[in-house]
Structures are given as structure tokens and as C-alpha cells.
Amino acid sequence: MFEKHKKDNKFQLSDLGPILELIMAVIVFISIVCAIIALWDPFLHYLEHIHEAGAFLEFLGLIFSIVIGIEFFKLLCEPSRDTLLEVLMFVIARHMIIEETSAMENLLSILTIGILFFIDKYLLSSSSSGHNIISRFREKKSDASDTRNDASDSDEIPS
């Protein structure tokens, strides 16, 4: 009896995950809307100081933060590798563009973006173009098992 009750609690707790994700998505959405509305004052400030050197980068930093928030919201609502890669790309791009970085940090950021593209194209791609390493490995593995099954079928003595 205790085991049945324990399984029921486990089932109920596992159902809370999607509900909590939905609650967090709503909170993030409300925050994004508030941040977009709050952009009006920084935009007016930017227009007043348009000829100053850092005014545009300061305003762009706010924009990037909202865009990253929007991508994070999309990731909460519909988790996918494409959305995850977009979030990572925006975070890296924001770091490169907004922050004052050294040449080594820029190089590492560019290499990171290249690695993300490599992972997307060759390891995670679901295209049928033959460029997907994982798909090709699975095809070879299934071809090998098919060959073994054919060979074992031919070894059988007909009745």
C-alpha cells in the first residue's frame, strides 16, 4: 500500500515540471513586455545623446538583453536545439559587441560561434544530405545489422 502511495506522489511531482515551466514562461513574458515598454526612456536618452561615443552601444545593450529574453522565452515555450543555439549565439554576440573585450576574448568568441555552427551542421542536423555524422553512423550500424540478419537468414536450413 505504501508503495502505491509513493508511486502516486512521484507521478504528481513529475507533473509539476511542465506547470512550473509554464509559470516561469509567463513571468518571463511579463518581464519582456515591461522591458520593452521601459525602453522608451532609454530611447529618448539615446536621441538626446546621439552624438556621444557610447550612447548607441548603451542602447544596443538594452536591446540585446530584451532579444536574449525573448529567445529564452521561446526556449521555455518550445525547447529545441535551434532555439538553444539562437540563445547561445545572441549571448555570445552581445558579449562581443557590447562589452569591451580583448583580442583573445574576441577570438575565443568567434571560435565558439564556429563550434556551434559545426555542432549544428554535422552533429545535430537532421537533413538527408549525408552531412550528418550521427545519421551516417546510425545508417552504417543499421546496414551492418541488416547484413548480419540477411546472413543469418541464409544460414537457416529450409524446411
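Note: hydrogens, waters and symmetry copies are ignored here, and every other heavy atom, side chains too, is used.
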Side chain to side chain donor-acceptor pair (under 3.5 Å): pairs with one or both residues in residues 66-76, sequence neighbours excluded:
Glu71-Lys74, Lys74-Glu86

Does any pair with a residue in residues 48-61 pass side chain to side chain donor-acceptor pair (under 3.5 Å), and if so which ones, sequence neighbours excluded?
His45-His49

Which pairs count as ring pair (Phe, Tyr, Trp, His ring centres under 6.0 Å) when at least one residue sits in residues 78-117, sequence neighbours excluded?
none

Any residue meeting side chain to side chain donor-acceptor pair (under 3.5 Å) with Thr101, in chain and number order, not counting sequence neighbours
Asn106

Could you pull out all residues at least two apart from Ile66 that satisfy side chain to side chain contact (heavy atoms under 4.5 Å, CB included)?
Ile32, Ala35, Ile36, Leu39, Ile70

Would you please name every residue forming a ring pair (Phe, Tyr, Trp, His ring centres under 6.0 Å) with Phe64, sequence neighbours left out?
none

Aromatic ring pairing Phe59/Tyr46, orientation class (parallel under 30°, perpendicular over 60°, tilted between)
parallel

Under 4.5 Å between side-chain heavy atoms, chaining through other members, with only Ile, Leu, Val, Met, Phe, Trp and Tyr counted: pull out the rest of the cluster around Leu22, sorted by chain and number.
none

Point-to-point distance, once rounded to the nearest 0.5 Å, from CG of Leu88 to CD1 of Ile119:
9.5 Å

On a heavy-atom basis, the closest approach of Leu75 and Leu84 is CD1-N, 3.8 Å

Output all residues satisfying salt bridge (Lys or Arg N to Asp or Glu O under 4.0 Å) with Glu99, sequence neighbours left out; order by chain, then residue number.
Arg94

Only pairs at least two apart or in different chains count here, so list each salt bridge (charged side-chain N to carboxylate O under 4.0 Å, His left out) that has a residue in residues 18-37.
none

Tell me the closest heavy-atom pair linking Ile113 and Met96, and the distance in Å.
CD1-SD, 4.3 Å

By side chain to side chain donor-acceptor pair (under 3.5 Å), which residues pair with Thr83, not counting sequence neighbours?
Ser80

Atom CZ of Phe72 with >12 non-hydrogen neighbours under 6.0 angstrom
no

Could I get the full list of side chain to side chain contact (heavy atoms under 4.5 Å, CB included) partners for Ile30, not counting sequence neighbours?
Val26, Cys34

